[in-house]
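In what follows, every chain begins at residue 1, and chains take the letters A, B, ... in the order their sequences are listed.
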Protein chains: 2
Amino acid sequence: MALRHAVLAALVDGEYSGYQLAKAFDIGVANFWHALPQQLYAELAKLEREGLIAGRQVVQETRPNKRLFHVTDAGFAELEAFATATSKPSFIRDDLLVKIHAADRIDSGTLIEQLTDRASAAEAKTALLDSLLVKMRGALDEDEFLRSGTRIGPYLTCLRGLAFEREHRDWCLRTAAVLRERGAARTEQRSVRTEEGGTARAES
Amino acid sequence: MALRHAVLAALVDGEYSGYQLAKAFDIGVANFWHALPQQLYAELAKLEREGLIAGRQVVQETRPNKRLFHVTDAGFAELEAFATATSKPSFIRDDLLVKIHAADRIDSGTLIEQLTDRASAAEAKTALLDSLLVKMRGALDEDEFLRSGTRIGPYLTCLRGLAFEREHRDWCLRTAAVLRERGAARTEQRSVRTEEGGTARAES
DNA sequence: TCTGACTAGTCAATTTATTGAGTACGAGTG
DNA sequence: CACTCGTACTCAATAAATTGACTAGTCAGA
């Protein structure tokens, strides 16, 4: 039972429908959890059955109706209990890192391309998170907001996400540069050897 | 099929038994993937059935025998194919971040304690990764190693892990400080009110 | 000599996550 | 007037991860 608490924590901010939650899990909540819409709808249904959240129907004219959910007292109690329990360590999972681990056996071109793509994705995400932070703190500057603002929870997790994205971008760029340089070095070496003529042979 | 490639990538380094792999998934490989021993044994069996890895029995006197696995040509081909396919975006999952997101509704004491614990765990991990990096690059300095070393894959992913742990530690410490300060501010305010017309005055 | 930790695994049950497809309606674009 | 996009969900099948228990021998320390 893990997604359960991420959903509860997300709903602390206010009321959300399943659809809106799914969006939040793509942006803000993505800083610490990831889930697909199907999972969220299923979890919301479960949480409601157990009385940890409650929903209300909102009738809309121009769009499909929706159900907005909020955390009940039982839900807050559950969150408190969860907060007291020991956290299991965070973990990363990243296909690209898997590929880089095997970099010595994989074509550099592919890797460099993917690294630069990732770097720009991370860059875009930092911009998004930056604007999100500005919106959350309003007129106050960061220190002031953290001292006296209300609802600093989402702000703090966004700060974590921002740092993560920045680091990720930097690492991608540096790694791409390393691979590029090594590629260039090998090409140069090869051309030197072929120029030396005869049965030129590049090392593997 | 995801763990599959993480295992293949880990076995690129050399031969490992299931047991040794499990250890690697706790340290180096943990920088980009996480899995429990049971999962690894199951995945190794599957990979062997499919001919992507091959194992050989090693008889030991003083300990239980073990099976060491290595990647076959088919396995390397599979890795290449995987590297060419688009990576799904990385994601984080962290209970502690979930708790912090709901910080406004949760007792600060608990959170501060967990944040400081995490910070020291992260600190320990940075030390571990640092020594791992030194071991990998041997006599060379980092830039030199990345230019001319062999097997830079694991090195590069460790660099990512190191950056992650450092950031994590810094964020934990800062977040703990923020929560502590807010707690202090609230306590002060309360004591001013009870003392009635006291000396100090806490800001709004 | 008992205890607990380390090596090296296996088995089964359950919970979670992913993949893929489908419904329904309105608004805006070409 | 067809087409796609966005809102708001649902259902089912499969794959992957977690939990928990279990075997069995070695070695070091109390």
Mind jotting down which residue pairs meet the salt bridge (charged side-chain N to carboxylate O under 4.0 Å, His left out) criterion with at least one end in residues 29-40 of chain A? Sequence neighbours excluded, please. none
The correct set of residues in residues 61-70 of chain A placing a heavy atom under 4.0 Å from DNA chain D is A:Arg63, A:Pro64, A:Asn65, A:Lys66, A:Arg67
Who passes side-chain hydrogen bond (donor to acceptor under 3.5 Å, both in side chains) against B:Asp95, sequence neighbours left out? none
Can you list, by residue number, the residues of residues 26-51 of chain A that have a non-hydrogen atom closer than 4.0 angstrom to DNA chain C? A:His34, A:Leu36, A:Gln38, A:Gln39, A:Lys46
Helix axis bend for the helix from C:dT1-D:dA30 to C:dG30-D:dC1 - C1'-based end axes, five pairs, 10° rounding: 30°
Is there any ring pair (Phe, Tyr, Trp, His ring centres under 6.0 Å) pair reaching into residues 96-128 of chain A, and which pairs are they, with sequence neighbours excluded? A:His101-B:Phe32
Pick the nucleotide of DNA chain C nearest each of B:Gly18 and A:Ala2; which residue has the one closer to the 5' end? B:Gly18
To the nearest angstrom, how far is B:Phe25 atom CZ from D:dA17 atom C1'? 13 Å
Does C:dT7 have OP1 or OP2 under 4.0 Å away from a side-chain N or O of B:Ser17? no
Would you list the pairs meeting side chain to side chain donor-acceptor pair (under 3.5 Å) in which at least one residue belongs to residues 17-34 of chain A, sequence neighbours left out? A:Ser17-A:Gln20
Within residues 75-92 of chain B, residues whose heavy atoms come under 4.0 Å of DNA chain D: none
Basic-acidic side-chain contact under 4.0 Å: A:Arg174, B:Asp143: yes
Salt bridge (Lys or Arg N to Asp or Glu O under 4.0 Å) with A:Asp117: which residues, sequence neighbours excluded? none
Distance check: side-chain N/O of B:Lys23 vs OP1/OP2 of C:dA8, anything under 4.0 Å? no
Check B:Tyr16 against B:Ala10 and note the closest heavy-atom contact, atom names and distance. CE1-O, 3.5 Å
Quick one: which residue pairs count as a side chain to side chain donor-acceptor pair (under 3.5 Å) with a foot in residues 51-64 of chain A, not counting sequence neighbours? A:Glu15-A:Arg56
Starting from C1' on D:dT10, measure out to CG on A:Leu21 and report it in whole angstrom. 17 Å
Under 4.0 Å, heavy atoms only, any strand: does B:Arg93 hit a base, just the sugar-phosphate, or nothing? sugar-phosphate
Enumerate, atom names and distances included, each donor-acceptor pair closer than 3.5 Å involving a side-chain atom of residues 81-88 of chain B, sequence neighbours excluded.
from	atom 1	to	atom 2	distance (Å)
B:Thr84	OG1	B:Glu80	O	2.9
B:Ser87	OG	A:Lys99	NZ	2.7
B:Ser87	OG	A:Gln114	OE1	2.7

Filter on side chain to side chain donor-acceptor pair (under 3.5 Å), then keep only pairs touching residues 43-54 of chain A, sequence neighbours left out; what's left? A:Arg4-A:Glu43, A:Arg4-A:Glu50, A:Glu48-A:Arg67
